[in-house]
Protein chains: 2
Amino acid sequence: MHNPFIQIAGSKRSLHVQVAREIARKILSGEAAQNEIIPSEMVLCEQFSVSRTALREAIKLLTSKGLLESKPKVGTRVKSRDNWNFLDAQLLDWVIDLGDNEIVYQEFLALRKAIEPEAAALAAKNATAQQRILLSATFQQMDYISKNFDAQKWMEVDMEFHRLVFLSTGNSFYLPFANVLCTMFRSFISHSSEKGGTCIGEHRAIYSAIMAGDADKAREANAILLKNTNHRLPTSN
Amino acid sequence: MHNPFIQIAGSKRSLHVQVAREIARKILSGEAAQNEIIPSEMVLCEQFSVSRTALREAIKLLTSKGLLESKPKVGTRVKSRDNWNFLDAQLLDWVIDLGDNEIVYQEFLALRKAIEPEAAALAAKNATAQQRILLSATFQQMDYISKNFDAQKWMEVDMEFHRLVFLSTGNSFYLPFANVLCTMFRSFISHSSEKGGTCIGEHRAIYSAIMAGDADKAREANAILLKNTNHRLPTSN
DNA sequence: CATTTATATTTATCCTATAATAAACCTTGA
DNA sequence: TCAAGGTTTATTATAGGATAAATATAAATG
């Protein structure tokens with residue numbers, strides 16, 4: 001009794017994720033207003049041609065990310081925007097899928113400017129031996145790719161570099177940024193690849209400071225990188 | 001066929017949340033190792049004395065927060081710590097419940113130091129008229145309570161003040177911090193209430209700068225507040 | 001009018017059956 | 001022996017229907 005249309009349209013993911021994605025789209029786009037009660041389970045099951053099981057798992061998923069809240073007799077309500085966890089990589093993916101991403105990109109850059117320099121400082125202090133090895137290996141690749149430029153490869157290694165910085169902070173609260181960052185990098189053409197420029201110098205400064213354990217220098221170097229980062233229009237989708 | 005023990009032990013929440021909380025506890029405490037396959041659905045259903053439906057909803061909840069990943073035939077695997085979304089208020093709640101929170105508190109303070117000054121700066125630039133009214137009203141209360149001191153009330157209004165700063169940034173990525181902050185404030189006795197000192201002067205500086213639209217001053221004022229914030233032992237739970 | 005009780009609606013939970021998936025285990029043929 | 005390809009099997013995914021719990025609303029009651 002599957003509806004093959006949904007399977008195709010929603011890529012290859014599991015059914016409840018596809019349903020969750022579609023409901024999320026309606027919420028994030030404003031098509032379903034905040035504080036509004038969405039249709040009852042039965043109605044939604046028919047709309048999506050899925051069982052109650054799948055639908056309810058979708059709703060649980062969205063509830064977990066702060067988009068919905070269910071009560072018996074009342075129904076399932078769209079929570080206000082304040083509760084949406086934009087620092088969840090999956091939710092961010094859904095946001096990006098809406099298109100119109102210049103604002104998302106700008107807001108993310110504003111977040112990076114706050115958080116990343118401090119992350120670099122913490123990494124300089126707290127990175128483990130193994131993390132330093134990983135960071136080192138990644139920077140080697142950056143260096144190589146900056147000389148034999150390839151936009152796609154640069155994006156990947158650039159992403160990995162910054163991801164490792166977050167993972168090396170030794171602070172649990174910085175870990176989620178790693179995934180959010182990856183989601184953003186994968187969705188947008190890296191701004192720093194503009195005109196083939198790879199900011200290798202700025203990255204080297206961050207890398208060296210972290211390896212040297214110089215927190216202040218790492219912080220400043222990362223701030224400089226982000227200051228030079230000039231906002232590019234997203235080109236994906 | 002409910003198991004009343006679980007109902008009592010896990011407070012009044014819905015069943016699948018109670019199950020999720022218990023599984024989360026095992027994962028967060030390390031009792032269930034990273035990358036380990038947890039017991040199959042049937043086994044867990046028996047362990048918790050719940051139906052597959054409830055159990056599966058629990059697993060979906062944990063999957064959404066990056067703690068688990070399920071595959072047919074393979075089983076459900078505990079994801080590595082990098083994937084745990086510590087910036088999810090519910091997950092943070094579970095972390096705090098483990099006790100041993102001095103580290104959590106320190107790490108959170110490190111995050112605040114990075115993010116909050118910038119949030120204050122953004123709020124100074126972007127707060128709407130309505131948000132300024134709310135912030136104003138909240139600061140009035142702070143002022144009053146600082147003179148007629150009450151630790152509990154001060155915690156609440158202090159929390160509300162900083163929450164409003166995050167909500168006033170006009171940046172989606174800053175919104176989740178509001179909820180995380182509230183979770184932390186509710187779980188720990190506010191550090192700033194030490195010896196009846198309420199940092200009202202520091203808060204006034206932040207408040208005034210935001211109301212005046214002076215981003216730089218707001219940033220600096222918030223940084224000063226956090227610099228003076230001296231780490232107290234958590235005393236709750 | 002206030003307060004309690006009854007009712008109806010919706011989600012919550014339980015249960016069982018079937019489908020999809022992929023790892024592990026067999027063939028089978030060179 | 002061993003590699004390719006099909007088969008079995010264990011596990012999650014999905015379906016669907018039944019019962020329980022919760023609660024907003026309406027009705028009854030004092």
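Letters A, B, ... mirror the listed sequences (proteins, then strands); counts begin at 1. Note that this is a predicted model, so its numbers are computed, not measured. For the numbers below, each heavy atom of this structure counts, side chains included, while hydrogens, waters and symmetry mates do not.
Side-chain nitrogen and oxygen atoms of A/K71 include none within less than 4.0 Å of the OP1 or OP2 phosphate oxygen of D/dA24. An OP1 or OP2 oxygen of C/dT16 is reached within less than 4.0 angstrom by no side-chain nitrogen or oxygen of B/R52. Distances shown here put every side-chain N or O of B/S51 at or beyond 4.0 Å from the OP1 or OP2 atom of C/dT13. Listed pair B/H16 / C/dA12 fails the phosphate criterion, with no side-chain N or O lying under 4.0 Å from OP1 or OP2. Not one side-chain nitrogen or oxygen of B/R56 sits closer than 4.0 Å to the OP1 or OP2 atom of D/dT12.
The residue among A/M42 and B/V74 whose nearest nucleotide of DNA chain C is located toward the 5' end is A/M42.
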(message) Determine whether A/L175 and B/R81 satisfy the following criterion, side-chain contact (heavy atoms from CB on, under 4.5 Å), listing intermediate values before the conclusion.
(response) CA-CA 8 Å; A/L175 297 180; B/R81 200 165 185 280; 3.6 Å; yes

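Not counting sequence neighbours, the partners of B/R163 by the salt bridge (charged side-chain N to carboxylate O under 4.0 Å, His left out) test are B/E160. Not a single ring-ring contact (aromatic ring centres under 6.0 Å, His included) links A/Y174 to another residue, sequence neighbours left out. The salt bridge (charged side-chain N to carboxylate O under 4.0 Å, His left out) search around B/E41 returns B/R52, B/R56, not counting sequence neighbours. Under the rule for a salt bridge (charged side-chain N to carboxylate O under 4.0 Å, His left out), B/K60 has no partner lying at least two apart in sequence or in another chain. Judged as a ring-ring contact (aromatic ring centres under 6.0 Å, His included), and not counting sequence neighbours, A/F86 has no contacts. Checked against ring-ring contact (aromatic ring centres under 6.0 Å, His included), A/H16 has no partners two or more places apart in sequence or in another chain. Applying the salt bridge (charged side-chain N to carboxylate O under 4.0 Å, His left out) criterion to A/E156, with sequence neighbours excluded, gives no partner residue.
What separates CG of A/L61 from P of D/dT14 is a distance of 12 Å, to the nearest Å. In this structure, A/E69 places its CD atom 15 Å from C1' of C/dA12, rounding to the nearest Å. Distance, A/F48 CZ to D/dA15 C1': 17 Å, rounded to whole Å. Distance CD1 (B/I59) to C1' (D/dT11): 11 Å, rounded to an integer number of Å. Rounding to whole angstrom units, CD of residue B/E57 and C1' of C/dT11 are separated by 10 Å. The nearest whole Å value for the distance from the CG atom in B/L15 to the P atom in C/dT11 is 18 Å. As rounded to whole Å, 14 Å separates atom P of D/dG17 from atom CD of A/E41. Atom CD of A/Q18 is separated from atom P of D/dA13 by 13 Å (rounded to the nearest Å).
If you look at A/H203 and A/F139, their ring centroids are not closer than 6.0 Å.
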Distances under 3.5 Å only, N/O to N/O: pair up the protein atoms with those of nucleotides 5-10 of chain D.
| unit_1 | atom_1 | unit_2 | atom_2 | d |
| --- | --- | --- | --- | --- |
| D/dA10 | O4' | B/K73 | NZ | 3.3 |

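End-to-end axis angle of the helix from C/dC1-D/dG30 to C/dA30-D/dT1, using five pairs per end and rounding to 10°, comes to 10°.
Residue contacts shown for A/T53 include a base, since a base heavy atom lies under 4.0 Å away.
Distance alone, capped at 3.5 Å, places no donor-acceptor pair between the B/E107 side chain and the A/N171 backbone.
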